[in-house]
Structures are given as structure tokens and as C-alpha cells.
Amino acid sequence: MDKKKIGKCVLAGAGPGDLGLVTLRAKECIEQAEVLVYDYLCNPEMLEWAAESAERIYVGKKAGDHTRSQDEINRLLVVKTRECKRVVRLKGGDPFVFGRGGEEAQALAAAGVPYEIVPGVTSAIAGPAYAGIPITHRGSTSHVTFFTGHEDPSKRESSIDFAALQRLGGTQVMLMGVERLDAIAREMLANGVRADLPVALIRWATTPRQETLMGTLDSIAETVAETGFSAPAIAVFGEVVRLRNELNWFENRPLSGKRIVVTRTRRQAGALTGQLRSFGADVLELPAIRIEQPTDLRAFAELVQDAHAYDWIIFTSPNGVNAFFDLFYKLYHDAREIGGAKIAAIGPATAQRVKDFHLHVDLQPEEFVAEALVREFKKQGGVENLRILLARAEKARDVLPKELSAMGGIVDEALAYRTLPEIGDPNGARQRLVEEGADLITFTSSSTVENFMAMDLPWPAGMKVASIGPVTSKTAREVGLNVDVEARRHDVPGLVEAIGKFYRVRS
Ligand code: SAH
């Protein structure tokens, strides 16, 4: 029986920025959401956890950019929930820490619609932690105060009692109001707080853009003005700030402060992005290409269907393996239908994809280029009269078909997929590249080079080039680029290693 569906609104903490700091419950809610309402402090990457069909509503809320008023947001949540939707309202950090989550919950309660609160990791705690500042410390600091700097301290009705804060001491964490820091510091000094009290400001905490500014109460506002340090930031006042000198773990990683562009397709970017980020890089995922079905899907399907008739099947990329077996298992329900065909794969990632389908890789050249495979076949006595199926992208290089045919092989090319330029800017990376520039761009294939250039973006000043190997480097040089880094091992770990070396040598 069809039970009547009831909507529910989840007020979920989106954490401070680092995706790893989102709770399991929040992630589960996002995955099931039909409507997502979010603002600018939420890392937009978590929106990708949601179903493609989920409605995504941006409600702004950056200071000065109030896309929607709080009343409008409250009404929106109630209306959407009443439509029997699973609504997730994502709020940066924790929903009940200076996030007006209380007001949204009140609106939902007053409207009588079901709701749930999922706490989040607040920037007030995560920010200091990522800056290397323990907010309490045995023997010196046994209490913490959180306060908002949003209020004008000179206002008579200010609810912040700076005299009380002064008496309290301990660690004090201020959210919002960096732009009012001057007035706030003066108010603290006027109430007797020592001029040399250590202060740290942390902006974009827990993200690769995190920056920390240290100072003392009497000079910090000046430093902020001089450096142009801006929101979103939290301020930490207290002795514990000094511990950062010993504990600054996050901003000291090998690639901290480096902005690196990854041009692979969204489906493939994960490993490269993940490894670069784990070394502290600020990664802009800017796929230049996306993978689509081949122009002639029927011709490809016929070759896949006949795969058992070949002596060898050659794969040159993980995409080719995916395309081949996705189709193969639509046609057949038994892996043995592949018959006696042996499998060759170029590159460890390609070989790994074959193994993921529980098939053995019979031949894998040590070098990850077509020429090496040809040499390997020669070593093994050639391919005379052998039937070879080559599964690969449209418009690939013709080294393999040419050389293998010249050796007497009977080669059929199975055009398994095509790469198209990626249009659009779903995660804002293109805009960030244009506005903020980057230190390095990575190319993992010739087509990423060509398609990136085809996007015709202005080349950021000083942006260096890292290439996965000689073939990609050659293409890069042909379009006029200077290749600064080339991987010795032509795969993702090899590229990451080369980039690490490049920066460590120089810094
Ligand atoms: N509910 C949020 C706070 C919302 S108020 C939380 O629990 O974190 C917005 C303020 O939070 C910003 O002005 C800034 O002071 C702080 N903030 C949120 N995320 C931040 C981040 N990643 N880095 C620094 N400050 C942050």
C-alpha cells in the first residue's frame, strides 16, 4: 500500500569547509535529499553527493549579499517541506552556532512540520585546531568563550559585556566581524585586557585556502588593515595562541599554499586531486574534457560482441576498459564469453581497471606508451596473423594500428568512447582560476592539453606546467607551453611525486 509521503526538513551542519569534517549523518541526509538549501560557507563539493535530480537552492548570505532574507528562507523551508519533500538545509559549521539555525527550527516547529537537527563541526573549534591552537590547555586555560563580533561594540545595547570578558580571561573565540576588529580590540583594551595578549586570525579555516595571521591585541587590527586579511575568519584571543609556534601542522604541509589545476574528467580526477590535497595543495578541478559514448555505438557494440574471436584485446586507458566492459556485461552475463582472448594493457591504472573486472592482464609493458607495447609484442615473437582488437578513444594516435599491422597483425579498432570539451563551471573552479590564478597546471593526456587550450582562458601569470609523460609534454610544447615538470613514472602517483620534488627542491 502506498503510504502517504511526509516531508521533513533537516537542519544539517555542513562543517567548516574540509569535506572530511562533515558528519556521516549529514552526508546520509544529503544523499537522500530532494531539495538542498545552502549558502556560501558550505563547501559546494558536498552538493555532488546528492542525486542529480535534487533541487539545489542557493540562498547566499555572504555579508552584503543577502540573496534572500531570513524570513524568506524560513518560509522556503516550510513550503518545501509541506510539499512532502525531503529538505536538507545545509548551514556552515554547526547550525546552532551563530548560524540563525535556531530561528529556522522555530519556524519549522511553528509550522508544525517534521524536522531534525544534525550538529556540525563548528569553525569555532575546527578553525583553531587546523591553525595548531588547542582552545584549552592543561594548566593554563580551563575555559573557552565564543562570542560574535558582528555587533557594534560602541552600541549601547551591545549584548557583549567586554568588562565581563576581561574578568573571565581564558580563551575567547570570536566569529564574524573581522571588519570590526579595530573597535573590538579597543573596547577590550579599554576594559583592561593586556596589550600583548596573543591573537590569531584564521580565514577560510580547514580549506586549502586557510591563512592565519598572528599578533597581539594592540596591533592586530593594524596588521589586518595592512595585509587586507578578510572574512570569513575567526579570531582567537588568549595564551593558547602561542602553541601554534609548535603545533602548526596544517599550513606546513609540502604543498600548502600552492594552487594546482587538475584538468582530468570529473570521474577520473579523484585520485590526483585527493593525493595533491593530502599534501596541502589547493586543487581547482577544472575538467577540460568529459567522456561520452562513441559516435558509432553500434559498430563498437558489434566488436565487443565478437571479442571472443580475437587473440588479443588491447586497452590503452581506463576509460576504454570501462566503456568496453560496461557494454560487454550488457551483452553477456558470463565473463567466459570473452573466450580465449588475451589482454594487454598500457599503464597500471588501465591494468587495474581490467583486474577490477576480475580478468587477468597477460601483457603490460614497463613503459606506459604505445611504442613500448609494440616492442613487447616484438620480444614475444610478433603478432603475425593474430587477430587484435584495439579498444580506445576516437582520434587516438595511430602508432598501435600502424605498427601492429606492419608486423602482420590483423587489427580492428574498437572506438570505445570520445572525449569532448567540458563546458560550464559547476564548481566555480573556472572563475577562481581567472580571478585568483594558480601556481601549476597538471596535464594527464594530450587531450587535456588540447581541450584546456580550447577553453581559451587567460593564462594566469607564472602558472607552471606539469605533464604526466613525454607524449603529453610534446603536445604541450606544440601548443606553445613550457613544460616545467614531467613525471618519470607516467601515472598519477608518478606525477604527484614529480610535483612534490619540484616544489621541495625550490622551497
Ligand atoms: N555556524 C557557523 C558560523 C556561522 S557565522 C559555524 O559553526 O562555524 C559565520 C562566521 O563563521 C564567519 O563570519 C566566520 O567568523 C566563521 N566561519 C565559518 N566558517 C569559517 C571558516 N572556514 N574559516 C573561518 N571562519 C569561518
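As the structure lists them, so they are numbered: ligands from 1, and atoms in each ligand from 1. In this text, all values refer to a predicted model and were calculated from it rather than measured experimentally.
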Table of N or O contacts for ligand 1, cutoff 3.5 Å:
{"unit_1": "ligand 1", "atom_1": "1 (N)", "unit_2": "G92", "atom_2": "O", "d": "2.9"}
{"unit_1": "ligand 1", "atom_1": "1 (N)", "unit_2": "D94", "atom_2": "O", "d": "2.8"}
{"unit_1": "ligand 1", "atom_1": "1 (N)", "unit_2": "V97", "atom_2": "O", "d": "2.7"}
{"unit_1": "ligand 1", "atom_1": "7 (O)", "unit_2": "D94", "atom_2": "N", "d": "2.9"}
{"unit_1": "ligand 1", "atom_1": "7 (O)", "unit_2": "T122", "atom_2": "OG1", "d": "2.7"}
{"unit_1": "ligand 1", "atom_1": "8 (O)", "unit_2": "T122", "atom_2": "OG1", "d": "3.4"}
{"unit_1": "ligand 1", "atom_1": "8 (O)", "unit_2": "S123", "atom_2": "N", "d": "2.9"}
{"unit_1": "ligand 1", "atom_1": "8 (O)", "unit_2": "S123", "atom_2": "OG", "d": "2.7"}
{"unit_1": "ligand 1", "atom_1": "15 (O)", "unit_2": "M176", "atom_2": "N", "d": "2.7"}
{"unit_1": "ligand 1", "atom_1": "15 (O)", "unit_2": "A233", "atom_2": "O", "d": "2.6"}
{"unit_1": "ligand 1", "atom_1": "17 (N)", "unit_2": "S123", "atom_2": "OG", "d": "3.2"}
{"unit_1": "ligand 1", "atom_1": "22 (N)", "unit_2": "P16", "atom_2": "O", "d": "2.8"}
{"unit_1": "ligand 1", "atom_1": "22 (N)", "unit_2": "A205", "atom_2": "N", "d": "3.3"}
{"unit_1": "ligand 1", "atom_1": "22 (N)", "unit_2": "A205", "atom_2": "O", "d": "3.1"}
{"unit_1": "ligand 1", "atom_1": "23 (N)", "unit_2": "W204", "atom_2": "N", "d": "3.4"}
{"unit_1": "ligand 1", "atom_1": "23 (N)", "unit_2": "A205", "atom_2": "N", "d": "2.7"}

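Residues in residues 104-126 take part in these salt bridge (Lys or Arg N to Asp or Glu O under 4.0 Å) pairs, two or more places apart or across chains: K8-E116, R25-E116, R89-E104, K91-E104. For residues 245-254, the set of pairs meeting the salt bridge (Lys or Arg N to Asp or Glu O under 4.0 Å) definition, not counting sequence neighbours, comprises R244-E251.
By the 4.0 Å N-to-carboxylate-O rule, E103 lies close enough to R100 to be salt-bridged with it.
Contact check for E31 versus V88: no side-chain heavy atoms found under the 4.5 Å cut-off.
Without hydrogens or angle criteria, Q210 side chain to T206 main chain gives a donor-acceptor distance under 3.5 Å.
Residues passing the side-chain contact (heavy atoms from CB on, under 4.5 Å) test with I125 are T122, I135, F146, sequence neighbours excluded.
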